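First the structure, in the form of structure tokens, and then the observations on it.
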Amino acid sequence: MSETAPSRAAGLLHLRRDGLSKGDSIPLPLTMASTFHAPGDSTGFHQYGRFSNPTWDGTEEMLSYLENAPALAFPSGMAAISAAFFALLKTGDRILLPTDGYHTTRILADRFLRAFGVHFDTRPTASFLDGGFDGYRLVFVESPSNPMLDICDIAAAAEAIHKAGGLLIVDNTTMTPFGQRPLDLGADIVVAADTKAPNGHSDVLAGHVASRNADVMAAVKEWRTTSGSIPSPFDAWLLHRGLETLDVRFDRMCTSAELIAPRIKAHPAVKALRFPGLIGDPSHNLASTQMERFGFLISFVLGSEDEAENFINGCELMAAATSFGGVHTSAERRTKRGDAVPPGFVRLAIGCEPAEDLWAAIKASLDRIAAA
Ligand SMILES: *Cc1c(COP(=O)(O)O)cnc(C)c1O
């Protein structure tokens, strides 16, 4: 037997082992229940499906192991982000959001937080620390940002906001706990859309909040129980199943992205490309120090909106779809979603297809554009 502790990827697959009795199922059971047998005093066991569920427990045990912090599951990434905001903010608070992060987070602040007297400012991820964080209760970082893949120094942001007396939240959706460890870098709270790579099969929306701050987790849990923003047991079960293969899928996706990004960049149809793994990319140096992988998202610019559409729709191993992190490679022309990017801007999410097959399909589609 080896004396060294197993890696997170290895240990993750055997988390249920110690709790098993003879005859128990090796996979996590799915418990579809709104009510549980609850005679007598009502503490210390499952009673009602809005409070707790044994399938959530199994999924949260995995999320918590991956984050090395207590974690709570939510029915979507936005539900997790909303929980962190509504549990922690009060009238008069000021928060800072990225201009180039997931747009729905800004809409949430604009349409709902503002009405409760929570003010928000925005800054580009690439210059997020400029100006300092004085006066902010919460600073929200998304790194790499979506879809431009700019990066912000998470450890420096944590130090600066702690000096100012506030908390740092990191949306770690694009990287997953296998690609970046925001809590280890000093962040107070991680939020993520497990809809993406953690579930990985494009069939569930899910999210989680993780933090080593017990007060934060107590408030977030109370928010979940009270607001009813709970995952269905079946969705939690599917996420649990997805998490079992996250390491294998994420590794394949990141390795393929590293192989394919420089080849796309060198293609004559491509005007500009961003991938943190490329030497010379504005994100590369910081990415090399704070990320464990460079991710599986690649952004690049083709000559026009039509070229972007033709490239995506003409590639036989590519789904034309929003979102990312599924087993299938997918891509989207981002002006469709209102991002402030050039008309031919494509966000490509590398999937699990064998890399050389995928590259051959991408190259064929780019060649057709260059020849048109
Ligand atoms: C998708 C996404 C979200 C929202 O997740 P949903 O599950 O769609 O609610 C939040 N942040 C980032 C970075 C995302 O990519």
Side-chain angles (χ1 to χ4, degrees), residues 8 11-88 172 176-177 183 188-196 198-201 203-246:
R8 273 180 307 146
L12 186 72
L13 301 182
H14 296 278
L15 283 181
R16 283 175 46 73
R17 189 173 181 274
D18 287 346
L20 291 179
S21 302
K22 262 190 195 176
D24 282 352
S25 67
I26 297 297
L28 177 69
L30 167 59
T31 305
M32 296 295 286
S34 59
T35 51
F36 298 82
H37 183 53
D41 285 346
S42 59
T43 48
F45 53 87
H46 298 292
Q47 308 162 58
Y48 186 55
R50 183 157 36 74
F51 307 161
S52 66
N53 173 284
T55 307
W56 300 355
D57 292 347
T59 305
E60 286 170 352
E61 185 183 22
M62 273 189 142
L63 291 169
S64 168
Y65 185 80
L66 284 172
E67 297 284 8
N68 194 16
L72 288 164
F74 282 88
S76 68
M78 283 316 304
I81 292 169
S82 302
F85 285 168
F86 283 94
L88 301 174
N172 203 35
T176 88
L183 298 175
D188 300 283
I189 301 157
V190 162
V191 292
D194 297 316
T195 308
K196 312 293 167 56
N199 179 65
H201 294 75
D203 48 12
V204 157
L205 281 100
H208 73 269
V209 178
S211 175
R212 294 169 189 159
N213 180 323
D215 294 338
V216 165
M217 290 312 281
V220 169
K221 187 166 195 173
E222 192 184 354
W223 165 264
R224 182 175 72 175
T225 305
T226 309
S227 68
S229 181
I230 54 165
S232 90
F234 185 52
D235 289 355
W237 184 85
L238 282 170
L239 173 57
H240 183 278
R241 186 184 179 122
L243 287 168
E244 292 184 319
T245 54
L246 175 59

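Sequence positions, counted from 1, serve as the residue numbers for this chain. Keep in mind that the numbers below use all heavy atoms, side chains included, and drop hydrogens, waters and symmetry copies. Just so it is clear, the structure is predicted and the values come from calculations on it, not from any experiment.
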Leu63 side chain near Asp194 side chain, heavy-atom distance below 4.5 Å: yes
Donor-acceptor contact present, side-chain Trp56 to main-chain Pro231, <3.5 Å: yes
Gap between atom OG1 of Thr55 and atom NE2 of His46 - 0.5 Å precision: 8.5 Å
Spacing of Leu66 atom CG and Leu246 atom CG [to the nearest 0.5 Å]: 7.0 Å
Pairwise side-chain contact, Arg224 with Phe74, heavy-atom cut-off 4.5 Å (strictly under): yes
Qualifying residues under side chain to side chain donor-acceptor pair (under 3.5 Å), relative to Arg8, sequence neighbours excluded: none
pair Leu88-Ile189: side-chain heavy atoms closer than 4.5 Å: yes
Distance in Å, Ser52 OG paired with Phe45 CZ, rounded so as to fall on 0.5 Å steps: 10.0 Å
Other residues, nucleotides, ligands: >12 heavy atoms within 6.0 Å of Asp41 CG: no
Which atom of Ala69 lies closest to which atom of Ser64, heavy atoms considered: O-OG, 2.9 Å
Sidechain-backbone polar pair: Asp24 side chain, Ser21 backbone, donor-acceptor under 3.5 Å: yes
Parallel, tilted or perpendicular: rings of Phe86 and Trp223 (30°, 60°): parallel
Closest approach of Ala192 to Ala80 (non-hydrogen atoms, all atoms of both residues): O-CB, 4.3 Å
Partners passing salt bridge (Lys or Arg N to Asp or Glu O under 4.0 Å) against Arg212 (at least two apart in sequence or in another chain): Asp184
Side-chain H-bond candidate by donor/acceptor type, Asp57 with Asn53, under 3.5 Å: no
Non-hydrogen atoms of Asn172 and Pro177 that approach each other most closely: ND2-N, 4.0 Å
Heavy-atom side-chain proximity of Thr31 to Pro233 below 4.5 angstrom: no
Thr35 side chain to Gly49 backbone, donor-acceptor under 3.5 Å: no
Euclidean distance, Glu61 CD relative to Leu28 CG, rounded to 0.5 Å: 9.0 Å
Min side-chain heavy-atom separation Val204-Thr195 under 4.5 Å: no
Minimum-distance pair of heavy atoms, taken over all atoms of Met217 and Val209: CE-O, 3.5 Å
Heavy-atom side-chain proximity of Ile26 to Leu20 below 4.5 angstrom: yes
Heavy-atom check, side chain of Ser229 versus side chain of Pro75, under 4.5 Å: yes
Results of side-chain contact (heavy atoms from CB on, under 4.5 Å) for Phe234 - residues two or more places apart only: Leu30, Met32, Ser232, Trp237, Leu238
Gap separating the CZ atom of Arg241 from the CG atom of Asn199, nearest 0.5 angstrom: 10.5 Å
Over 12 foreign heavy atoms within 6.0 Å of OH, Tyr48: no
Check: Val216 and Asp188 side chains under 4.5 Å, non-hydrogen atoms: no
N/O donor-acceptor pair under 3.5 Å between Glu60 side chain and Ala73 backbone: yes
Shortest non-hydrogen contact between Ala236 and Thr59, atoms and distance: O-OG1, 2.8 Å
Steps toward side-chain contact (heavy atoms from CB on, under 4.5 Å) verdict (Leu12, Glu244): CA-CA 7 Å; Leu12 186 72; Glu244 292 184 319; over 6 Å; no
Any donor-acceptor N or O pair under 3.5 Å, side chains Glu67, His208: yes
Under 3.5 Å donor-acceptor, Arg16 side chain and Ser25 backbone: yes
